[in-house]
Amino acid sequence: HQAFETGAFAPAEAAYGQVLALTPPDVSGRATLVERQAAAIYRQAEAARAGGDTRAAVGHFARIGSLGALPAQSALRATAQYDTAALLLGLKDWDTAAKALEDFRRQFAGHALQAEVAPKLALAYMELGRHAQAAAEFDKVAATAQDPAVARAALWQVAELHQQAAAHAKPKSPLLATAIHTWQRYLQAHPQPLEPAVVARWQLATLTQQDGQAARATAWTRAVQLADQQAGAARTPRTRTLGGQATLRLAEPLLAAYEKVPLIEPLQKQLKLKKARMEEVLAAYATAAEVGVAEVTTAATFHTAALYQDFGRALLQSQRPRKLNKAETEQYNVMLEEQAFPFEEKAIELFETNARRTTSGLYDTWVQRSLAALAKLKPVRYAKVERMDASGQPAPLDVASLQARIDQNLADGRQPQRLNQLGLAHRQQGHFALARAAYEAAIELAPQAVEPHFNLAILWDLYLGDAAKAQVLYQRCLALSPQDAPLLGKWLAELKTRKPAPGTPAPPATASAAPAPAPAGEPAGVSTGTPSAASTTPPKGKT
């Protein structure tokens, strides 16, 4: 007792063990001695835990569980078992922690700490990849939590886990049915806050589509769109994004209906129908672009441009009237080309609207696809390919590894090449300022190197939107590499005759042109460039 009271818990444990060895089992007070010995061990565990020796603490707590004389339902035994599990979670010993928690649940069913077992078991199961068991534990938390926020978060986790399990499931799979049911439960129980409720609808649209329930998928997609549109001031960037993506998804059947209309005889009737279908699709894309979210706006702009391009192509490929002689056929083809030309011009205009967004640092999939389309439509302007190094040998464009080699400051004479490659790697990732810095550093080390001059010129031309700086650099490349004169001559000629983008002045010779200001109510760099449905009408002609 004296050792225990003075904090000498290890000697106290040993002394209590000696006393118990000398005390017959039926002597009154023996149970108290057992509890005191267990308490001495517990205090050692606490001291080890406070001192940061977690493994030692786990060992002490485990020794309490092995005390055969300690009653099975002892509060000290239960607490030690729970604390062991908690420490094992801290050590990320997920499997042992899960077993300790399972034992605690089984042995101490009525204990006050049982309410804490489910979330801890859920964590352990998730880390072990046992998602079905984790979902079951989160479900218990959702059903028993007193805090509505905790209950909502737990049910959300259940739905996400079931969705992960159904990620690759085939239609009519029980896994899909469970995931759909759980998201419906979440939405019914928690229609607010707005953002997670909109996300839940989006997940239901995705899952029902995966399950082959096309009508329900469309209904849920429309529910996403309406929930965002009707939210007023409660709208968030996330709900706007999903609302815009829902609008794009709802445009897909409209696009499919447009594509099914062939331009065959009688052409006047078919053309009228195809134009009407086209206007429906364009209206949907315009609605999507109105949300003002960059990733939706760039997608809507790209799809609108592609639609105009397709309509022009369809005109050129339309069925010719019967009984035309050769001269009439030639005249008819010329008229068709005149009809199709404005649609291709509109497509180019919209692709370029997307391409100019690189000057604001925007370089998502749709901007990249717009640049790829322009490379085919206007190759002299856009089909410009950067150069790796003088050897022409490909090299891995991994930013981290290139930067590491540059930081080593290797004295092998290849730093300019590495910096040029680093600039290209940054450009491919859309980090244009970093690309510029790398190219300029390469030029500073190797003023006669063609590749970084060449790549920096393309960067200013295609991605940073400064034609004046690009022109100076192309001319420098011409001086450094006369053999490139045919190619560079075409680029310089195009650049000198290039018209400035709509709404932007011609770039000055000594300073970068600033991006055009966005229209009122529209975020900078995210102007839609999406034409109205009225602009789908082609010029009048004999066609």
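Side-chain contact between Asp310 and Met278: absent, with no pair of heavy atoms (C-beta onward) separated by less than 4.5 Å. Taking the side chain as every heavy atom from C-beta outward, Leu459 and Leu456 approach each other to under 4.5 Å. Within the 4.5 Å cutoff, no side-chain heavy atoms of Thr241 are placed close to those of Val291. Residues Leu336 and Arg320 form a side-chain contact, since some pair of their non-hydrogen atoms from C-beta on lies under 4.5 Å apart. Residues Trp220 and Trp202 are not in side-chain contact: their nearest non-hydrogen atoms beyond the backbone lie 4.5 Å or more apart. When side chains are defined from C-beta on, Pro262 counts as touching Gln270, because their heavy atoms get closer than 4.5 Å. Residues Leu307 and Leu255 meet the side-chain proximity criterion, which asks for heavy atoms closer than 4.5 Å. Looking at heavy atoms from C-beta onward, Phe138 lies in side-chain contact with Met126 at the 4.5 angstrom threshold.
With hydrogens and angles left out, the side-chain atoms of Tyr308 and Glu349 include no donor and acceptor closer than 3.5 Å. Side-chain polar atoms of Gln417 and Glu451 form no donor-acceptor pair below 3.5 angstrom. Counted by atom type alone, Thr247 and Gln225 present one or more donor-acceptor pairs between their side chains at under 3.5 Å. Between the side chains of Arg369 and Asn354, no donor-acceptor pair of N or O atoms lies under 3.5 Å. For the residue pair Asp364 and Thr298, a side-chain donor N or O sits within less than 3.5 Å of a side-chain acceptor on the partner.
Within a 6.0 Å radius of NZ in Lys378, more than 12 heavy atoms belonging to other residues, nucleotides or ligands are found. For Lys172, the NZ atom counts as densely surrounded, since its 6.0 Å shell holds more than 12 non-hydrogen atoms of other residues, nucleotides or ligands.
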| task | Begin with the C-alpha distance, continue with both residues' side-chain angles, and end with the deciding distance and a verdict on salt bridge (Lys or Arg N to Asp or Glu O under 4.0 Å) for Glu344 and Arg313. | result | CA-CA 8 Å; Glu344 182 173 298; Arg313 188 184 299 117; over 6 Å; no
| task | Evaluate the side-chain hydrogen bond (donor to acceptor under 3.5 Å, both in side chains) criterion for residues Gln245 and Glu295: first the C-alpha distance (whole Å), next the side-chain angles of each, then the deciding distance (0.1 Å), finally the verdict. | result | CA-CA 9 Å; Gln245 290 177 345; Glu295 63 188 272; 3.2 Å; yes
| task | Please assess Ile458 against Tyr474 for the test side-chain contact (heavy atoms from CB on, under 4.5 Å), listing each intermediate value before the final yes or no. | result | CA-CA 9 Å; Ile458 292 175; Tyr474 285 142; 3.9 Å; yes
| Derivation and outcome, side-chain contact (heavy atoms from CB on, under 4.5 Å), residues Tyr363 and Gln368 | CA-CA 6 Å; Tyr363 193 60; Gln368 293 175 48; 3.6 Å; yes
| said: As a quick check of understanding, evaluate side-chain contact (heavy atoms from CB on, under 4.5 Å) for Ser318 and Leu267, giving each step before the final call. | reply: CA-CA 8 Å; Ser318 61; Leu267 187 58; 4.1 Å; yes
| message | With side-chain contact (heavy atoms from CB on, under 4.5 Å) as the criterion, how do Leu374 and Ile348 come out once you've worked through the C-alpha distance, each side chain's angles and the decisive distance to 0.1 Å? | response | CA-CA 7 Å; Leu374 288 167; Ile348 291 172; 4.1 Å; yes
| field | Candidate pair Trp491 and Phe454, rule ring-ring contact (aromatic ring centres under 6.0 Å, His included), full reasoning | value | CA-CA 12 Å; Trp491 292 1; Phe454 193 89; 5.5 Å; yes
| message | Pair Glu352, Tyr382 - check side-chain hydrogen bond (donor to acceptor under 3.5 Å, both in side chains), show working. | response | CA-CA 10 Å; Glu352 289 186 323; Tyr382 290 99; 2.8 Å; yes
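Gln429 contributes no side-chain N or O that, together with a main-chain N or O of His431, makes up a donor-acceptor pair within less than 3.5 Å. In this structure, Arg277 contributes its side chain and Ala257 its backbone to a donor-acceptor pair below 3.5 Å. Judged by distance alone, with hydrogens and angles left aside, the side-chain atoms of Tyr285 form no donor-acceptor pair with the main-chain N or O of Ala305 at under 3.5 Å. Listed for the Gln210 side chain is no donor-acceptor partner under 3.5 Å among the backbone atoms of Pro171. Without hydrogens or angle criteria, Thr208 side chain to Leu204 main chain gives a donor-acceptor distance under 3.5 Å. Formation of a donor-acceptor pair under 3.5 Å by the Thr236 side chain with backbone atoms of Thr239 is found in this model. Under a 3.5 Å cut-off, the side chain of Asp466 and the backbone N or O of Ala468 do form a donor-acceptor pair.
Taking CD from Gln415 and CG from Leu422, the interatomic distance works out to 10.5 Å, rounded to the nearest 0.5 Å. With values rounded to the nearest 0.5 angstrom, Thr221 atom OG1 is found 7.0 Å from Gln209 atom CD. Distance CG/Leu316 to CZ/Phe341: 11.5 Å, rounded to 0.5 Å. Here the CE atom belonging to Met388 is positioned 9.0 Å from the CG atom belonging to Asn455, to the nearest 0.5 angstrom. Separation of atoms CZ (Phe351) and OG1 (Thr304) is listed at 9.5 Å; rounding is to 0.5 Å. One distance of note links CG of Leu207 with NE2 of His162; it measures 12.0 Å at 0.5 Å rounding.
With sequence neighbours left out, Arg427 forms a salt bridge (Lys or Arg N to Asp or Glu O under 4.0 Å) with Glu386. The salt bridge (Lys or Arg N to Asp or Glu O under 4.0 Å) test applied to Arg185 returns Asp139, not counting sequence neighbours. Judged as a salt bridge (Lys or Arg N to Asp or Glu O under 4.0 Å), and not counting sequence neighbours, Arg152 has no contacts. Listed by chain and number, the residues in a salt bridge (Lys or Arg N to Asp or Glu O under 4.0 Å) with Asp228 are Arg235 (sequence neighbours excluded).
When all heavy atoms are compared, the tightest approach of Ala288 to Val296 is O-CG1, 3.4 Å. Of all non-hydrogen atoms in Tyr439 and Pro452, the two that sit nearest each other are O-CB, 3.9 Å. Closest non-hydrogen pair, Ala355 versus Val367, comes out as CA-CG1, 4.5 Å.
For residues 475-489, every residue pair satisfying the side-chain hydrogen bond (donor to acceptor under 3.5 Å, both in side chains) rule, not counting sequence neighbours, is listed here: Arg387-Asp484, Ser481-Gln483, Ser481-Asp484.
Ion pairing between a basic and an acidic side chain is recognised when a charged N comes within 4.0 Å of a carboxylate O; Glu494 and Lys490 show no such pairing. Look at Lys323 and Glu328 and you find no salt bridge, because none of the NZ, NE, NH1 or NH2 atoms lies under 4.0 Å from a carboxylate O. Salt-bridge formation is detected for the pair Glu440/Arg436: a Lys NZ or Arg NE/NH1/NH2 atom is positioned less than 4.0 Å from an Asp or Glu carboxylate oxygen. In this structure, Asp461 does not pair ionically with Lys469, as no charged nitrogen and carboxylate oxygen lie closer than 4.0 Å. Contact check on Glu252 versus Arg249 returns no salt bridge, with no Lys/Arg side-chain nitrogen under 4.0 Å from an Asp/Glu carboxylate oxygen.
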Please table the atom pairs, donor to acceptor, closer than 3.5 Å between any side-chain atom in residues 174-184 and protein atoms at least two apart or in another chain.
| residue | atom | partner | partner atom | Å |
| --- | --- | --- | --- | --- |
| Thr178 | OG1 | Pro174 | O | 2.9 |
| Thr182 | OG1 | Thr178 | O | 2.7 |
| Trp183 | NE1 | Gln163 | OE1 | 2.7 |

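Taking the six-membered ring for Trp and the full ring otherwise, the centers of His190 and Trp156 sit at least 6.0 Å from each other.
Taking the centre and axis of the six-membered ring of Tyr258, the NZ or CZ atom of Lys274 falls inside the cone set by 45° and 6.0 Å.
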